[in-house]
Amino acid sequence: MVRFILIAILVILLLALLLQLLAKYNFISYKARLSIGIALLVIALGIGIFTLNQDRAEAHLTQLAQSFLQGKMLECQVGTQSLEVSNATFNFISGTLTLMGKEGGKHKRVTIPLKACIIKES
């Protein structure tokens with residue numbers, strides 16, 4: 001994610017440099033330069049907001065995974081039913097961020113996405 005942000009910043013800086021060169025040699029008017037600058041600023045702001053939202057979602061999923069691995073109960077919504085999940089009855093699959101029912105339990109092969117869960121208050 002950091003690489004994407006750095007690449008986006010580099011592209012915006014290169015476009016700003018190109019814009020300045022075009023303005024210096026009178027290939028582009030002041031109004032056009034101003035409107036392109038505002039558009040670049042809006043794009044940069046959008047990238048910042050998107051990154052902030054992604055970081056918050058990632059932090060929430062990390063907290064859920066850590067709580068599950070520490071043995072805390074999670075309450076997960078599966079379809080219309082609500083399940084109480086712990087590491088005694090489910091396995092955590094880190095590659096897909098899912099919880100899968102253990103072989104010997106009553107929820108055998110039930111797969112629950114981690115984002116459908118909340119930490120159960122005791």
Side-chain angles (χ1 to χ4, degrees):
M1 188 62 148
V2 174
R3 279 190 245 156
F4 176 73
I5 294 170
L6 292 176
I7 290 171
I9 290 171
L10 181 64
V11 167
I12 289 173
L13 288 175
L14 288 175
L15 286 174
L17 179 65
L18 178 65
L19 189 64
Q20 289 297 324
L21 288 174
L22 290 174
K24 182 178 180 180
Y25 295 110
N26 293 326
F27 287 126
I28 191 168
S29 69
Y30 176 75
K31 285 184 180 181
R33 186 175 71 194
L34 185 62
S35 60
I36 291 172
I38 291 172
L40 290 175
L41 184 62
V42 168
I43 289 170
L45 186 63
I47 289 171
I49 291 171
F50 175 77
T51 303
L52 181 65
N53 287 336
Q54 288 295 100
D55 288 344
R56 285 182 183 164
E58 184 179 331
H60 178 68
L61 286 176
T62 301
Q63 181 184 14
L64 283 173
Q66 287 176 348
S67 296
F68 177 79
L69 293 172
Q70 291 172 357
K72 295 181 182 173
M73 295 288 287
L74 300 181
E75 190 171 331
C76 301
Q77 193 71 27
V78 181
T80 58
Q81 63 180 341
S82 182
L83 294 176
E84 289 185 3
V85 175
S86 72
N87 61 1
T89 56
F90 280 79
N91 290 322
F92 176 64
I93 312 298
S94 62
T96 57
L97 295 177
T98 56
L99 304 170
M100 182 173 280
K102 290 187 176 182
E103 288 294 322
K106 74 177 192 179
H107 299 295
K108 179 180 176 181
R109 296 188 184 157
V110 172
T111 303
I112 304 170
L114 192 60
K115 64 183 177 183
C117 300
I118 58 171
I119 299 171
K120 184 177 180 187
E121 300 297 326
S122 50

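These figures come from a predicted structure and were not determined experimentally.
- Closest approach of Arg109 to Glu103, counting heavy atoms only: NE-OE2, 3.9 Å.
- Cluster membership for Met73 and Ile119, using ILVMFWY side-chain heavy atoms within less than 4.5 angstrom, is not shared.
- Under the 4.5 Å side-chain contact rule for hydrophobic residues, Leu69 and Leu61 share a cluster.
- Side-chain atoms of Ile112 and Leu74, non-hydrogen and from C-beta on, never get closer than 4.5 Å to each other.
- The list of ring-ring contact (aromatic ring centres under 6.0 Å, His included) pairs with a residue in residues 59-108, not counting sequence neighbours, reads Phe90-His107.
- Taking CD1 of Ile9 as the reference point, atom CD1 of Ile47 lies at 8.0 Å (rounded to 0.5 Å).
- Following chains of ILVMFWY side-chain contacts shorter than 4.5 Å, one cannot reach Val78 starting from Ile93, and the two form parts of different hydrophobic clusters.
- In this structure, CD in Gln63 is found 11.5 Å from CD1 in Ile118, a value given to the nearest 0.5 Å.
- In this structure, CG in Asn91 is found 5.0 Å from NZ in Lys102, a value given to the nearest 0.5 Å.
- The distance from atom OG of Ser67 to atom CG of Leu114, rounded to the nearest 0.5 Å, is 9.5 Å.
- One finds the OG1 atom of Thr62 at 6.5 Å from the CD atom of Gln66 (value rounded to the nearest 0.5 Å).
- Here the OG-NZ distance, from Ser86 to Lys72, works out to 13.5 Å after rounding to the nearest 0.5 Å.
- In the hydrophobic cluster analysis, where Ile, Leu, Val, Met, Phe, Trp and Tyr join through side-chain heavy atoms closer than 4.5 angstrom, Leu64 is grouped together with Val110.
- More than 12 heavy atoms of other shown residues, nucleotides or ligands fall within 6.0 angstrom of atom CD in Gln77.
- Cys76 approaches Val85 most closely through the heavy-atom pair SG-CG2, 3.8 Å.
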